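Just below is one structure, and these are the notes that go with it.
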Amino acid sequence: MKEAMLYEKLDKGEVRCILCGHRCLIKDGKKGICAVRENRGGILYTLVYDKVIARHIDPIEKKPLFHFHPGSTSYSIATVGCNLRCFHCQNYEISQYPKKNYELRAKSYKKNSELQTQNSELNSIPGENLTPEDIVNLAIKTGCLSISYTYTEPTIFFELAYDTAILAKKKGIKNVFVSNGYTSPEATKMITPYLDANNIDLKSFRDEHYRRVCGAKLQPVLDTIKLMKESGVWVEVTTLIIPSGNDSEEELRDIAGFIKSVSIDIPWHVSQFYPTYKLLDQPRTPIRTLRRAREIGLEVGLRYVYEGNVPGEGGESTYCYNCNMLLIDRYNHLIRGNYIKESKCPNCGSVINGVGL
């Protein structure tokens, strides 16, 4: 275990975690909502500092980041845990593991004394022991341009991400978050000097949806998007469109309008939902809905809007916002042609926003 960052010690052995939007008040012996930060004797510990549950080499387009060093690869890592409880989580086996595992194991012990003696087993965290040095060396060895903290919410393994990002930056490796955006301003300001890009989920523009479906609130996500952009991090936004959930034209216009208010050059990815986890009774998002969402984003005035999870439908490619020339031809996260010249459209000379284009 490692002592956590970003918390305050209070009276009676309690602590206040200030890592994310929940700002959990945690009593001695208890965990926060993420289930991977625990108060032991008035000291908050992270339980996942060196427990990497997943690591892969991904195209940067899979994050998805379409305007950040297109065609490069990213060494992608995650630990178990999350600070949200989304009904439609696509990686729920690892994001919800700590909470679900504790509940299932605890049911097998009937007496409090038995539960206490089995505490180490109940709190076991799966994962491969990897240090920040190991992760950076693996990224270099595999020829990856960046390290992505992804699959689950990187905020909950902040200490591992932070230490790794500092080392990576020194070695010339870029750092990428793929995040739900439920990060505190304190944590955001701490990581941004070392963070190069962030794809942030904006799951809805309705607070009620966030509370009911995700176990969170809308405003902290909006604040994170603004603060990340203001801090110089390259930001792209993803909205998973759920039928009868967040797919009304009014809400899609609200989302696009908010993104535009932050910056007209933020790419917006509108992605197809498919039934998973606790939302098995909902159908896949119709392609016509994604196409209409893309149209709405462009009508509102965003420069770059992409359709996700539907390869071959034409919504993955980048076009010049001024003359509509095809600039990056994509298919299923792969680039078939990149015609941008020195970050400009070769036809009309318009500057194409992004990093490493």
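Values in this document were obtained by computation on a predicted structure and should not be read as measured data.
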Q) Just checking, is any N or O donor in the side chain of Ser204 or Glu251 under 3.5 Å from an acceptor N or O on the other one? A) yes
Q. Can any side-chain N or O of Ser184 pair as donor or acceptor with the backbone N or O of Leu19 at less than 3.5 Å?
A. yes
Q: Report yes if the side chains of Leu227 and Pro185 come closer than 4.5 Å at any heavy-atom pair, otherwise no.
A: yes
Q. Is any side-chain N of the basic residue among Arg292 and Asp247 closer than 4.0 Å to the acidic one's carboxylate O?
A. no
Q. Are any side-chain N or O atoms of Arg206 and backbone N or O atoms of Asn246, one a donor and one an acceptor, separated by less than 3.5 Å?
A. no
Q: Please assess Thr238 against Asn199 for the test side chain to side chain donor-acceptor pair (under 3.5 Å), listing each intermediate value before the final yes or no.
A: CA-CA 7 Å; Thr238 295; Asn199 185 294; 2.9 Å; yes
Q: Decide side chain to side chain contact (heavy atoms under 4.5 Å, CB included) for Lys203 and Cys86; before the verdict, give the C-alpha distance in whole Å, the side-chain angles of both, and the deciding distance to 0.1 Å.
A: CA-CA 10 Å; Lys203 300 174 187 293; Cys86 300; 3.6 Å; yes
Q | Nearest-0.5 Å distance that lies between atom CZ in Arg55 and atom CD1 in Ile57 | A | 9.0 Å
(Q) So for atom CG, which belongs to Asp281, do other residues, nucleotides or ligands contribute more than 12 heavy atoms lying within a distance under 6.0 Å? (A) yes
Q. Do the charged groups of Glu38 and Arg40 touch, with an N to O distance under 4.0 Å?
A. yes
Q | pair Leu327-Pro346: side-chain heavy atoms closer than 4.5 Å | A | yes
Q) Got a second to check how far Glu61's CD is from Asn332's CG, nearest 0.5 Å? A) 11.0 Å
Q: Apply the test side chain to side chain contact (heavy atoms under 4.5 Å, CB included) to residues Cys320 and Asn347: give CA-CA distance (whole Å), side-chain angles for both, the deciding distance (0.1 Å), then the verdict.
A: CA-CA 9 Å; Cys320 178; Asn347 183 53; over 6 Å; no
Q.
Could you check whether any side-chain heavy atom of Phe157 comes within less than 4.5 Å of a side-chain heavy atom of Val36, counting everything from C-beta outward?
A. no
Q) Going by heavy atoms in the side chains, are Thr46 and Met1 under 4.5 Å from each other? A) no
Q: Please check if the side chain of Thr131 supplies one atom and the backbone of Asp134 the other of a donor-acceptor pair under 3.5 Å.
A: yes
Q. When hydrophobic residues are tied together by side-chain contacts of less than 4.5 Å, even through go-betweens, does Phe205 share a cluster with Tyr210?
A. yes
Q. With side chains defined as the heavy atoms from C-beta onward, is the minimum distance between Ile259 and Lys229 less than 4.5 Å?
A. no
Q: Evaluate side chain to side chain contact (heavy atoms under 4.5 Å, CB included) for Cys17 paired with Leu44, printing each intermediate quantity in order.
A: CA-CA 8 Å; Cys17 180; Leu44 189 65; 4.0 Å; yes
Q: Mind checking the SG-CD spacing from Cys24 to Glu14? Nearest 0.5 Å is all I need.
A: 12.5 Å
Q | Nearest non-hydrogen partners of Asn175 and Lys169, listed with the distance | A | ND2-N, 4.1 Å
Q. When you check the side-chain N and O atoms of Ser74 and Lys62, is any donor under 3.5 Å from an acceptor?
A. no
Q. Does any non-hydrogen side-chain atom of Leu202 lie less than 4.5 Å from one of Leu222?
A. yes
Q. Can Asn180 and Asn83 be counted as having a side-chain donor-acceptor contact under 3.5 angstrom?
A. yes
**Q.** Minimum side-chain heavy-atom gap Leu279-Phe273 below 4.5 Å
**A.** yes
(Q) Under 4.5 Å between side-chain heavy atoms, counting indirect links through other Ile/Leu/Val/Met/Phe/Trp/Tyr residues: same cluster for Phe66 and Ile200 or not? (A) no
Q. Passes side chain to side chain donor-acceptor pair (under 3.5 Å), Glu236 versus His67? Steps please.
A. CA-CA 8 Å; Glu236 302 193 19; His67 288 244; 5.5 Å; no
Q: Return the minimal non-hydrogen interatomic distance between Pro283 and Pro243, and the atom names on each side.
A: O-CG, 3.5 Å
Q: Heavy atoms only: give me the nearest Val178-Glu153 pair and the separation to one decimal.
A: O-OE1, 4.5 Å
Q | Thr285 backbone acceptor or donor facing Gln272 side chain under 3.5 Å | A | yes
Q. Between the side chain of Lys260 and the main-chain N/O of Val300, is any donor-acceptor distance below 3.5 Å?
A. yes
Q) To the nearest 0.5 Å, what is the distance between CG (Asn129) and NZ (Lys51)? A) 4.0 Å
Q | Spatial distance of atom CZ (Arg294) from atom CD1 (Ile241) [nearest 0.5 Å] | A | 12.5 Å
(Q) For the residue pair Glu133 / Asn137, report whether a side-chain donor-acceptor contact shorter than 3.5 Å exists. (A) no
Q: Return the minimal non-hydrogen interatomic distance between Tyr7 and Gly42, and the atom names on each side.
A: CE1-O, 4.3 Å
Q: Give a yes or no on whether Arg336 atom CZ has more than 12 heavy-atom contacts from other residues, nucleotides or ligands under 6.0 Å away.
A: yes
Q: Taking the side chain as every heavy atom from C-beta outward, state whether Arg253 and Glu299 have any pair of such atoms under 4.5 Å apart.
A: yes
Q: Answer yes if Phe258 and Val235 sit in the same cluster of Ile, Leu, Val, Met, Phe, Trp and Tyr residues linked by side chain heavy atoms under 4.5 Å apart, and no otherwise.
A: yes
Q. Between the side chain of Tyr151 and the main-chain N/O of Ser95, is any donor-acceptor distance below 3.5 Å?
A. no
Q. So, Tyr304 versus Asn353: side-chain donor-acceptor pair below 3.5 Å or not?
A. yes
(Q) Would you say that more than 12 heavy atoms from the other residues, nucleotides or ligands in this model lie under 6.0 Å from the CD of Glu208, or not? (A) yes
Q) Can Leu160 be reached from Ile94 by stepping across I, L, V, M, F, W or Y side chains whose heavy atoms are under 4.5 Å apart? A) yes
Q: Would you tell me whether Asp163 and Tyr49 have side-chain atoms, one donor and one acceptor, within less than 3.5 Å of each other?
A: yes
Q: Classify the angle between the aromatic ring planes of Phe177 and Tyr149 as parallel (below 30°), tilted (30 to 60°) or perpendicular (above 60°).
A: perpendicular
Q) Yes or no on side chain to side chain donor-acceptor pair (under 3.5 Å) for Ser248 and Glu250, after CA distance, side-chain angles and deciding distance? A) CA-CA 5 Å; Ser248 71; Glu250 179 185 12; 5.1 Å; no
Q. Minimum heavy-atom separation for Ser179 to Gly181, with atom names?
A. OG-N, 2.8 Å
Q | CD1 on Ile147 to OG on Ser76, rounded to 0.5 Å | A | 9.5 Å
Q.
For a quick check under 3.5 Å, do Thr155 and Thr183 share a side-chain donor-acceptor pair by atom type?
A. yes
Q.
Working note: Val221 + Tyr182, criterion side chain to side chain contact (heavy atoms under 4.5 Å, CB included); need CA distance, chi angles, decisive distance, verdict.
A. CA-CA 5 Å; Val221 181; Tyr182 213 64; 3.9 Å; yes
Q. Does NZ or CZ of Arg330 lie under 6.0 Å from the centre of the six-membered ring of Tyr306, at an angle within 45° of the ring axis?
A. yes
Q) If you take all heavy atoms of Val48 and Thr79, which pair is closest and at what distance? A) O-CG2, 3.5 Å
Q: Tell me whether Leu130 is reachable from Phe158 by hopping between hydrophobic residues (I, L, V, M, F, W, Y) whose side-chain heavy atoms are closer than 4.5 Å.
A: yes
Q: May I ask you to decide if the ring planes of His209 and His88 are parallel, tilted or perpendicular, using 30° and 60° as cut-offs?
A: tilted
